[in-house]
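Keep in mind that the numbers below use all heavy atoms, side chains included, and drop hydrogens, waters and symmetry copies. Residue numbers begin at 1 in each chain, while the letters A, B, ... track the order of the sequences.
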There are 2 protein chains.
Amino acid sequence: MITIKEIADELGISTTTVNNVIHGKTKEVSKATIEKVEKMIAKYEYVPNMNARNLAQNRSKIIAVAMKARKDKYENAIKDSYVGELIGAIEKSVRTSEYFLMIYISDDIGEILKNVSTWNVDGLILLGMSGDDSVMIKKKFKKPMVFVDSYFCQDVMGYYNVGLEDAKGTYEATKYLLECGHRKIAFLADNCVGVDHERFIGYKRALQEYGIGCREEDFFVMMPAENEIEACLDELYHYSEQYTALCCASDYYAVMVMNYLSDRGKIIPDDISVVGFDDNASATIVRPALTTIHQDVTKKGEVAVEKLLKMVNGEELEEENMILPVKLVVRDSVKKMNQ
Amino acid sequence: MITIKEIADELGISTTTVNNVIHGKTKEVSKATIEKVEKMIAKYEYVPNMNARNLAQNRSKIIAVAMKARKDKYENAIKDSYVGELIGAIEKSVRTSEYFLMIYISDDIGEILKNVSTWNVDGLILLGMSGDDSVMIKKKFKKPMVFVDSYFCQDVMGYYNVGLEDAKGTYEATKYLLECGHRKIAFLADNCVGVDHERFIGYKRALQEYGIGCREEDFFVMMPAENEIEACLDELYHYSEQYTALCCASDYYAVMVMNYLSDRGKIIPDDISVVGFDDNASATIVRPALTTIHQDVTKKGEVAVEKLLKMVNGEELEEENMILPVKLVVRDSVKKMNQ
DNA sequence: CTGAAAGCGCTAACAA
DNA sequence: TTGTTAGCGCTTTCAG
């Protein structure tokens, strides 16, 4: 790999001049030298050394996406279809903006912060952070960052987040179930904080509007680890007679539950109806096709990168919390009881 | 962010000493100074500057995975479940080996090479490269690299690849169809080079063993672009009466085809049987569950990283082409004609 | 056991 | 229009 200095020496000119033509600051350089330099660059296929450039400029051209991943849930986080699509969209946006993407996945915030600062990244996108994580990160990392899918404590300011109408989504889904005549509806998720908590809220609100209470045992909490999930599904199967419908916090579980139950003889949606959340690929693959809440994951990634790069470029942002819309997509997994 | 120099100054010692304790070259440092330095490091949360370190050492601690992605097929490459799982496995392996992962996706080899050399990456994993791409890359990039799923021209040497028994997979799948009594079997893929060509070979070989010829029109080539796929599926539907079974080069298409056909009234597997390849999540989601060829994608990613890091650390490798096994997984998408 | 200093490749302020 | 030079933070050789 040839360096600026070598080009300069070979041409008998200064590094500044070479540097200037490399950066198109060509107003102050004679035509002749420009051509000479460009010929050299082409001939030797000059490529800048990012480490040197970054060191000199105290930046990095790197956008990092950091994800806090529960060990039991994400043995391979990117394999998850939601995470995969989101990171794919982020990757594409970052790349087309001439930045580079680095990925840190860990359940240890400290480790994530160390990596981020060792590379001096220009901006940070944070996935799966809790409220507590957020304040810690905000305190330690002083450069632009945007959270995705985070819910913060009320009073904190200066956080940028791109999220979803989570509560509205499950509210719509549950209301749809109610309108279809369902009254015994369980909720299903693998945790009850952050996004899933909001989704639970939406579910509850819809029930309340119909004057239906919600008992603690109507919330089925799934344990995603491979050696535990079976037991959870089995328990659900065991209690499934008590419900006519299931409101799931994600398509992932909706589809899993549908197949588990139908493989054990339950007819979906006649014996039990199911709604999901996310509208990912599996929602259209499964049969009956899944009625679910659609979100635009790709858009989410794009918006996150767009917001972040604006901040990286010194712009001040107005909205602090960008909420993307959701929409009910009716397919075939819900029975209309009242027809 | 505090620097080595600042620590040294504050302590009234030299940067060399500080550096030595940072790197555990502690034999030549007195207990007292070690403690002082470590206290400083903890207090100010010293984190090394990678750009500086890399510049000084002429390396980067970065492993890059570069993927050549057809524009029509991969609008968002990581969203694809095969790519997502593979990259996820690579990410995890890279991370646990204390390296950092950068991702470059492009259909322009030149651009990929430029990025790779601008960051001075220590090693490179290449996805989706054709034989031609490979020789070009090999010529330009002089550091350790391993290809995944590539097929090279016969005579080239010194390439490291981790691949699959592709031909064997479709051979087994097709043989299984034949054993079940199927004689009119179409093949379905979106290209006919590299991996998919091998898979086609396997299909043909099985047919030949049964004395069955294979006409050109039995190869259905799908066009993955959103605005073209419908027409391809429609054509397949149109000709589907002529076949009793479909051998698909990937689960992606197998599942798509199953749903397309069954939504149009075809009964699977009674009207038409389907086998896939990959055994990804959708194979177990779709109903009837897909009979397919299983591959261990995670293993593939792990092996690629493991091989690569060995080379990065100066080891010479023996095998140049690591072929991972495949295995037929029988589920419910194939009809037994002979029972 | 400790320190001085050169150098990695690039940038940018200043000089000419 | 072009050149000089002092860094950026870390490594490493060599000398004490």
Side-chain angles (χ1 to χ4, degrees), chain A residues 1-38 40-41 44-62 100 114-122 143, chain B residues 1-38 40-41 44-62 100 114-122 143:
Chain A
M1 279 201 28
I2 199 172
T3 69
I4 287 188
K5 184 161 186 312
E6 286 164 351
I7 293 181
D9 287 351
E10 186 158 340
L11 253 34
I13 60 179
S14 82
T15 61
T16 309
T17 306
V18 176
N19 196 17
N20 279 133
V21 0
I22 285 171
H23 288 86
K25 297 179 191 169
T26 177
K27 301 182 179 180
E28 319 193 325
V29 187
S30 74
K31 270 248 160 180
T33 20
I34 292 180
E35 276 197 6
K36 278 194 301 182
V37 172
E38 279 176 345
M40 278 279 117
I41 288 177
Y44 291 113
E45 297 183 330
Y46 168 79
V47 173
N49 179 320
M50 273 294 167
N51 285 310
R53 183 177 279 184
N54 293 339
L55 180 60
Q57 297 191 140
N58 189 32
R59 56 127 165 90
S60 68
K61 278 277 161 185
I62 297 175
F100 298 89
K114 213 179 74 188
N115 291 334
V116 158
S117 74
T118 205
W119 280 104
N120 197 11
V121 306
D122 291 341
K143 294 196 185 174
Chain B
M1 277 200 31
I2 199 172
T3 69
I4 286 188
K5 184 161 186 313
E6 286 164 351
I7 294 181
D9 286 352
E10 185 157 341
L11 253 36
I13 60 179
S14 82
T15 62
T16 310
T17 305
V18 176
N19 195 21
N20 278 132
V21 1
I22 286 172
H23 288 85
K25 295 178 191 169
T26 177
K27 302 183 180 179
E28 319 194 327
V29 188
S30 74
K31 271 245 160 180
T33 20
I34 292 179
E35 275 197 6
K36 278 193 300 183
V37 173
E38 279 175 346
M40 278 278 117
I41 288 177
Y44 291 113
E45 296 183 332
Y46 168 79
V47 173
N49 179 320
M50 273 293 167
N51 284 310
R53 183 177 278 185
N54 293 340
L55 180 60
Q57 296 190 139
N58 189 34
R59 55 127 165 91
S60 67
K61 278 276 159 184
I62 296 174
F100 298 89
K114 212 180 74 190
N115 291 335
V116 158
S117 75
T118 206
W119 280 104
N120 198 10
V121 306
D122 291 342
K143 294 196 185 174

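- Results of the side-chain contact (heavy atoms from CB on, under 4.5 Å) test with I7(A) over V18(A), V21(A), T15(A) single out V18(A) as the only residue that passes.
- Each of dC1(C), dG9(C), dC8(C) was ranked by its minimum atom distance to the side chain of S30(B); first place goes to dC1(C).
- Neither OP1 nor OP2 of dC8(C) sits under 4.0 Å from any side-chain N or O of Q57(B).
- A 6.0 Å sphere centred on NZ of K114(A) holds no more than 12 heavy atoms belonging to other residues, nucleotides or ligands.
- The nearest heavy atom of DNA chain C to G12(B) and to L55(B) marks one nucleotide each, and the one closer to the 5' end goes with G12(B).
- Judged by closest nucleotide on DNA chain C, T16(B) is the one of T16(B) and A56(B) placed further toward the 5' end.
- At whole-Å resolution of the value, CD1 in I4(A) and C1' in dC8(C) are 13 Å apart.
- Between the side chains of E10(B) and Y44(B), at least one donor N or O lies within less than 3.5 Å of an accepting N or O.
- Side-chain contact between K61(B) and R59(B): present, with at least one pair of heavy atoms (C-beta onward) separated by less than 4.5 Å.
- Other residues, nucleotides and ligands contribute only 12 or fewer heavy atoms inside 6.0 Å of the CD atom of E35(B).
- As rounded to whole Å, 18 Å separates atom C1' of dG9(C) from atom OH of Y44(A).
- We find that CG of N20(A) is positioned 10 Å from P of dA12(C), with the value rounded to whole Å.
- What separates CG of N49(A) from P of dC10(C) is a distance of 6 Å, to the nearest Å.
- Here dC8(C) presents its C1' atom at 16 Å from CZ of R53(A), a figure rounded to the nearest Å.
- Here T17(B) reaches the OP1 or OP2 of dG3(C): one of its side-chain N or O atoms lies under 4.0 Å away.
- We find that NE2 of H23(A) is positioned 13 Å from P of dA13(C), with the value rounded to whole Å.
- Counting heavy atoms from C-beta on, the side chains of N120(B) and N58(B) come closer than 4.5 Å.
- Listed candidates were dG3(C), dG9(C), dA5(C). Nearest to the side chain of I13(B) is dG3(C).
- dA12(C) atom C1' lies 14 Å from atom CD1 of I22(A), rounded to whole Å.
- When heavy atoms are screened at a 4.0 angstrom cut-off, T33(B) is found touching the sugar-phosphate backbone but no base atom.
- Distance K5(B) NZ to dA4(C) P: 11 Å, rounded to the nearest Å.
- Closest to the T3(A) side chain, of the nucleotides dG9(C), dG7(C), dT11(C), is dG9(C).
- The base of dA4(C) has none of its N or O atoms less than 3.5 Å from a complementary donor or acceptor on the side chain of T15(B).
- Side-chain contact check for N49(A) versus R53(A): every heavy-atom pair is 4.5 Å or farther apart.
- Between chain A and DNA chain D, the heavy-atom contact criterion of under 4.0 Å yields a 5' to 3' nucleotide range of dT1(D) to dG9(D).
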